[in-house]
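Just so you know, ligand 1 is whichever comes first in the structure, and atom 1 is the first atom listed for that ligand.
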Amino acid sequence: MIETRNPATGASLPSLQASTLAQVQREVATAAAAASSWWALGFEARADVARQFAARVRDDRAVADELARSISTEMGKPIRHARAEIANLHTRTEAFIERAREACQDEVGREGAIQVTTQWRPLGTVAVIAPWNFPISTPNNLVMSALLTGNSVVLKPSEFTPRSGALYHQLLAATLPAGVFGLVQGGGSVGRALVEADVDMVAFTGSIATGQAIMREAASAMKRLVLELGGKDPMIVLPGADLEAAARFAVHNSLNNSGQICVATERVFVHQDVQDAFVEQVRRLVSGYRIGDPLADDTDVGPMASEAQREIVLAQLADARERGADFVIEGAAQSPGYWLSPSVVRSVSDDMRIAREETFGPVVAISSYANVDEAVARANATRYGLGASVWGPPDASTDAVAERLEAGMIGINRGLSAAAGAPWVGWKMSGFGYTRSTAGMRNFMQPRTHARTVPSGQ
Ligand code: NAD
């Protein structure tokens, strides 16, 4: 059984049956049997299915509301943000369709008398394994990429958000031919069984440790992998930055979803000359945040998703306190439920756990630097490399700092974005392979070449 609790109250939610090994294998066999006819339908038919799903979640208020409430109830996200997660599905679908259409095009090249056609074909059946922090949009990114490129899919949602995963699966499966989209439920052991079943690819979003386990589990059959992993995103504030805009971003991107976002701002490096003014702006903004019932429309910060997640953050805060960090605002834990109010910490040093490990909690962690070389070196001194941002004068000097950062996605005087067909990508241990963009879609495909000799004169 899968047992979950409402993080706002600590009350048990109805339990759910986990999949058995036999059920995992059956779902995979069914999806594998449906794969070739799904590809044979052709790209436009697949795109129509994706559009039908996107239109349903946009136009049917009752459906969108049910999905949003399920997210809030299972992992504590404020309902406004849960609704935005659902609304975003429609916008993203069109972008996915355009990129997948390009990815599915064969390419013809010629060298002398040799003509080579590169065909792009689906890998077959893709296991999608998802985390709990965006219980619907994160799995949807991977599921849509796999389906639009002609693969069948078996999804395993997080064991913390199984009902949101089941609702999403039910809605999308209803628009698809039978068997193309399967579902299994459970924790790590069910995830492992899915990776070890007869799937051709694993598309995973989650922690580095689980990504490493999946790599090992997938090695025996060399299954294709896309792994979107954790982050420790730095933010560098240069002396000439618009401090108010920078402070607003630092606060929003540290506290949104209680900091439980892979591309949350986890380390703020502020030039020593503007540090005090910046910290004061941050303090003022955080004091205005409304903490409360995730189902209330005006809530900015809800509870954390689980007791375990809150324990990690509390341990990092205790370590920072012991090592001499300065608490501008000290977050307080409250029960029942997994409440932890926001903290603002300054004088964070690089040896603190809060500077080295993914926090995934409602903390604005600030330290100061004396010169740009130091800021860049400290920002890069991590095994993570997901996102980053640089705030400075809108000129080449700020771009030059961005150029030196070891991160897959960098925002310049704004947060990062994968808009306009850009990839969603991590550097170093924040990812292996990537998604979105035409090249990202092709990570779900196998190239196959056909060479022929062209008769002379043609
Ligand atoms: P997690 O790694 O604990 O779990 C993710 C999923 O993997 C769950 O469904 C879990 O049941 C499954 N799993 C666990 N062990 C497994 C195994 N041995 N084999 C197969 N599957 C297994 O991560 P989480 O706590 O759910 O999510 C938080 C993490 O996700 C954070 O590190 C965050 O940064 C990361 N994340 C990354 C992105 C991104 O785009 N890079 C996006 C969202 C979250």
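Within 6.0 Å of CZ in Phe43 there are more than 12 heavy atoms belonging to other residues, nucleotides or ligands. Counting non-hydrogen atoms of neighbouring residues, nucleotides and ligands closer than 6.0 angstrom, the CD atom of Gln334 reaches no more than 12 such neighbours. Dense packing is recorded around CG of Asp60, with more than 12 heavy atoms of other residues, nucleotides or ligands lying under 6.0 Å away. Atom CZ of Arg58 has more than 12 heavy atoms from other residues, nucleotides or ligands within 6.0 Å. Environment of CZ in Arg224: sparse, with no more than 12 heavy atoms of neighbouring residues, nucleotides or ligands closer than 6.0 Å.
In this structure, Ser158 is part of the shell of residues with a heavy atom less than 4.0 angstrom from ligand 1. Ligand 1 lies out of reach of Gly431, whose nearest heavy atom is not under 4.0 Å from it. For Phe134, the heavy-atom gap to ligand 1 stays at 4.0 angstrom or more.
For a threshold of 3.5 Å applied to N or O pairs, the pair formed by Glu159 and ligand 1 contains at least one separation below that value. On a distance-only criterion, Ser430 and ligand 1 share no N/O pair closer than 3.5 Å. The N/O atoms of Thr205, backbone and side chain alike, include none that comes under 3.5 Å of an N/O atom in ligand 1. For Ile208, no nitrogen or oxygen atom sits less than 3.5 Å from a nitrogen or oxygen atom of ligand 1, counting backbone and side chain alike.
At least one side-chain heavy atom of Thr138 sits less than 4.5 Å from a side-chain heavy atom of Pro131. A 4.5 Å side-chain heavy-atom check between Trp132 and Glu74 finds every atom pair outside the cut-off.
For Leu386, every heavy-atom contact with ligand 1 shorter than 4.0 Å involves the side chain, none the backbone. In Ile214, the part holding a heavy atom less than 4.0 Å from any atom of ligand 1 is the side chain. With a 4.0 Å cut-off on non-hydrogen atoms, Gln260 does not touch ligand 1 at all. Contacts between Leu229 and ligand 1 below 4.0 angstrom, taking non-hydrogen atoms only, involve the backbone exclusively. With a 4.0 Å heavy-atom cut-off, ligand 1 is reached by no atom of Phe160. Contact annotation: for Ala130 versus ligand 1, heavy atoms closer than 4.0 Å belong to the backbone alone. With a 4.0 Å heavy-atom cut-off, ligand 1 is reached by the side chain of Glu217 but not by its N, CA, C or O.
Pairs of residues two or more places apart, or lying in two chains, that qualify as salt bridge (Lys or Arg N to Asp or Glu O under 4.0 Å) and include a residue from residues 147-156 are Lys156-Glu159.
With 3.5 Å as the limit, one finds no donor-acceptor pair spanning the side chains of Ser258 and Lys77. Looking at Ser254 and Thr265, their side chains never bring a donor and an acceptor atom within 3.5 Å of each other.
The two residues Trp424 and Ala418 come nearest to each other via the heavy atoms CE3-CB, 3.9 Å. When all heavy atoms of Pro162 and Thr4 are compared, the pair lying nearest together is CD-CG2, 3.9 Å. Taking both residues in full, the closest heavy atoms of Leu416 and Ala388 are given as CD2-N, 4.3 Å, listed atom of the first, atom of the second, then distance.
Atom 36 (N) of ligand 1 has as its closest protein heavy atom Cys262 CB, 3.5 Å. Looking only at heavy atoms of the protein, atom 12 (C) of ligand 1 is closest to Ile129 CG2, 3.7 Å. Looking at atom 35 (C) of ligand 1, its nearest protein heavy atom turns out to be Gly206 O, 3.2 Å. Of all protein heavy atoms, the one lying nearest to atom 23 (O) of ligand 1 is Ser207 N, 3.5 Å. Among protein heavy atoms, the minimum distance from atom 31 (C) of ligand 1 is reached at Glu358 OE1, 3.4 Å. Nearest protein heavy-atom contact of atom 7 (O) of ligand 1 is Phe204 CE1, 3.3 Å. Atom 16 (C) of ligand 1 has Thr210 CG2, 3.4 Å as its closest protein atom, hydrogens excluded (heavy atom only). Atom 40 (O) of ligand 1 has its closest protein heavy atom at Trp424 NE1, 2.8 Å.
Every atom of ligand 1 is numbered from 1 in the order shown, and the set under 4.0 Å from a heavy atom of Gly187 is 11 (O). For ligand 1 and Lys156, the ligand atoms under 4.0 Å from any heavy atom of the residue are 8 (C), 9 (O), 10 (C), 11 (O). For ligand 1, the atoms sitting less than 4.0 Å from at least one non-hydrogen atom of Asn133 are 43 (C), 44 (C), numbered in the order shown with element in parentheses. Every atom of ligand 1 is numbered from 1 in the order shown, and the set under 4.0 Å from a heavy atom of Trp132 is 24 (P), 25 (O), 26 (O), 27 (O). Here is the list of ligand 1 atoms found below 4.0 Å of a heavy atom in Gly191: 19 (N), 20 (C), 21 (N).
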Using side chain to side chain donor-acceptor pair (under 3.5 Å), reason through Ser19 and Glu27 one step at a time and then give a plain yes or no. CA-CA 10 Å; Ser19 305; Glu27 285 294 291; over 6 Å; no

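A salt bridge does not link Glu196 with Arg192: none of the charged nitrogens is closer than 4.0 Å to a carboxylate oxygen.
Note: His169 and Phe181 have tilted aromatic rings, judged against thresholds of 30 and 60 degrees for the angle between ring planes.
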